[in-house]
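What you see below is based on every heavy atom in this structure, not just the backbone, and it leaves out hydrogens, waters and symmetry mates. Chain naming here is simple, since letters A, B, ... match the order of the sequence lines and numbering starts at 1 in each.
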Number of protein chains: 2
Amino acid sequence: MPATLRDVADRANVSMRTVSNVMSGYEHVSEKMRSRVLAAIADLDYRPNLVARTLRTGRTGMLALIVPEIDVPYFSELARDVINAAAEVGYRVMIDQTGHDHERERQLLTGDDRTMLFDGILFSPLVTRDELREMNTATSMPLVLLGEHEFDGHYDHVAIDNVRAARDATAHLISLGRTRIAAIGAQPAESYATPQQRTAGYEAALRDAGLELDAALLHPAAHYSRADGYAAAQELLAASDPPDAIFCYSDLLAMGAMRAVFDAGLRVPEDVAVIGIDDIEEGRYSRPTLSTVSLDTPFIARSAVARITARIEDPDAPAEEVVAPHAVIPRESTGSGTPG
Amino acid sequence: MPATLRDVADRANVSMRTVSNVMSGYEHVSEKMRSRVLAAIADLDYRPNLVARTLRTGRTGMLALIVPEIDVPYFSELARDVINAAAEVGYRVMIDQTGHDHERERQLLTGDDRTMLFDGILFSPLVTRDELREMNTATSMPLVLLGEHEFDGHYDHVAIDNVRAARDATAHLISLGRTRIAAIGAQPAESYATPQQRTAGYEAALRDAGLELDAALLHPAAHYSRADGYAAAQELLAASDPPDAIFCYSDLLAMGAMRAVFDAGLRVPEDVAVIGIDDIEEGRYSRPTLSTVSLDTPFIARSAVARITARIEDPDAPAEEVVAPHAVIPRESTGSGTPG
DNA sequence: TTGTACGCGTTATCAT
DNA sequence: ATGATAACGCGTACAA
């Protein structure tokens, strides 16, 4: 049985209060007392019971990070940074996956499930625009949204400028002289926010350059996986008038798409240039290396943790938005990078 | 303020006891009472306080998964499976990274840090053999070790037969007619268990085939990362008598190694065949696709969760070991697979 | 079948 | 500067 505060107090012949004071580094404790208590703590190998402390203080010291799938490189790299950023300010992180289960995502958010076990939620949503709006009122738990860019002032937000990121990626392709530029990752209009924003950026870039929008070049992808990227590119390339460049809404889609290009007997970037979004490490070692848009996950993680701790401190503070920077990283897959 | 058990009791005009009975599905509650309580629960949107319940019962319903780095694909894919397997039996998962911090790993294990917040630990260790031995006595918390294969009956274990896995991988290279087979991933003798076991398997396979052991072909790697694989392969290939095949102790090392081969102006598998261990998804889309040893993470995850829940139920049960199956998966990087 | 009362281990309030 | 004691919200032994 682990030793309790009372055991320590008895052993040191002081009150529990004094032990608690010593533990929390309270100023006004005599040296004599302090050393006596410290000795007792060491003797008994006492460690405070976090659960009891939580019951009393209402703070668990835990954050929940909710992502669609932890094994998607972008999210695991984000998780790494979030865990590290949280550790620096004394928080630990619980990770939950929503899979692609719509209902589960709602549960996690409305708290049907989560019951007081964490102090705040970092949520990388796959929800639709409408649900995003409804959410505001649903939860009273500190919440920071990750990755969306649709600020309406109701909740904290670490956003990516998806529209610009997509426009920049597409513009890069255009600057190469490509004219039939496909996109992989679009989703139905009533669907998630991210793909819609990226489609908007893609189309804006084409318009800016005076290129026509060809619906046949806008290819959907249900999940942002390698498999979906592969299948989508395969279809695109089989068309009578195939693209000479592909903008993928994620690096993972791009990895699949590149493989499909090779399997079709074509070359990247000579026949088809490919660019993604996320800047996952995989793309720095693939053949060819993958051009992409870097999203600065360390920045996102740090900002998110800073926002959530601020909100935990002051639940009534006005919601804030911080927009993470992004940058096009040209590599071999658009013929403009150096190997390695 | 969230409603408490007492609020519900007052509202329904019953005692807290009755409400608690209803919550826990107790048999002998009259229908009238039950519906009255249920109504009150719904009215107040009551949800039990997990922390209070934990303080009372000693169970948190949380498992900790400790891995070196969550953004290493093998671990993130493992985490995905563990989270899912745990969810099926009502557990949630907290993820901690040890980084490559030796001290942190010890802290997490000895409990200097973890204080009662979870019911058990799933630990994918990077510890040394000696520490593994010391550990037995150090912790009293339910603990299941993942990935090691050095069972001494003191703790539960979901093991990989690292020696055989490495031997099988090397044997596959030998069956291709390769004779100068390098290995990337070795570490000093006083170091971690996994690399030592894999080195043992590698050397056993060479001996079995009557090939000589060349110390120059056994290349160390501090982390099992793409960068380390790249650097190691680069050195190997620059030698006067370069290898015609490379066995990497992880798929990630292999991804880096393959890139180094190309950058040296050589081909995979024609000039240098490459095989890894882990079977991460990345290797199924890389160019060429990566031959590897599959470790069956879903099996490992399921077994680990089954073991930990069993141990939580009965802390005094004898320790058990389950060995996960593995299988060589030939793909393009050893010239024996089919594309795709 | 249901109500009362205590304890889980802490922190915080009120004294002194 | 320190001691006694009341919460925090729940589960359950004991009573009724």
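- What separates CZ of B:R36 from P of C:dG3 is a distance of 8 Å, to the nearest Å.
- Atom P of nucleotide C:dG3 and atom CG of B:N21 are separated by 10 Å, given to the nearest angstrom.
- Contact between the side-chain N/O atoms of B:T54 and the OP1/OP2 oxygens of D:dC10 is not found at any separation under 4.0 Å.
- Listed nucleotides C:dG3, D:dC10, C:dG9 differ in distance to B:L5; the shortest reach to its side chain belongs to D:dC10.
- One atom, NZ of B:K32, and another, P of C:dT1, lie 13 Å apart when rounded to the nearest Å.
- The interatomic distance linking A:R17 (CZ) with C:dA15 (P) rounds to 14 Å, in whole Å.
- Residues A:M33 and A:R36 meet the side-chain proximity criterion, which asks for heavy atoms closer than 4.5 Å.
- On a pure distance criterion of 3.5 Å, a polar donor-acceptor pair joins the side chain of A:R56 and the base of D:dA7.
- Contact check, B:S15 against C:dG3: a side-chain N or O comes under 4.0 Å of OP1 or OP2.
- Between the side chain of B:R53 and the base of D:dG11, no donor-acceptor pair of N or O atoms lies under 3.5 Å.
- Counting non-hydrogen atoms under 4.0 angstrom, A:M33 reaches the backbone sugars and phosphates but no base.
- In this structure, B:Q97 and A:R80 have side chains that are in contact, with non-hydrogen atoms separated by less than 4.5 Å.
- For the pair A:Y74/A:V67, no side-chain contact is recorded, criterion being any heavy-atom separation below 4.5 Å from C-beta on.
- As rounded to whole Å, 15 Å separates atom P of D:dG9 from atom CE of B:M23.
- Atom P of nucleotide D:dC8 and atom CZ of A:R59 are separated by 18 Å, given to the nearest angstrom.
- Looking at which nucleotide of DNA chain C each of B:S30 and B:A52 is closest to, the 5′-most match is held by B:S30.
- For A:M16 and D:dA7, the CE to P distance is 15 Å, given to the nearest whole Å.
- Close to C:dA12, at under 4.0 Å from its OP1 or OP2, lies no side-chain N or O of A:S20.
- If you take CG of B:L55 and P of C:dC6, they are 17 Å apart, rounded to a whole angstrom.
- The pair B:R307-B:E320 meets the salt-bridge criterion, with a side-chain N (NZ, NE, NH1 or NH2) lying under 4.0 Å from an Asp/Glu carboxylate O.
- Put simply, the side chain of A:M16 does not reach to within 4.5 Å of the side chain of A:T4, judged on heavy atoms.
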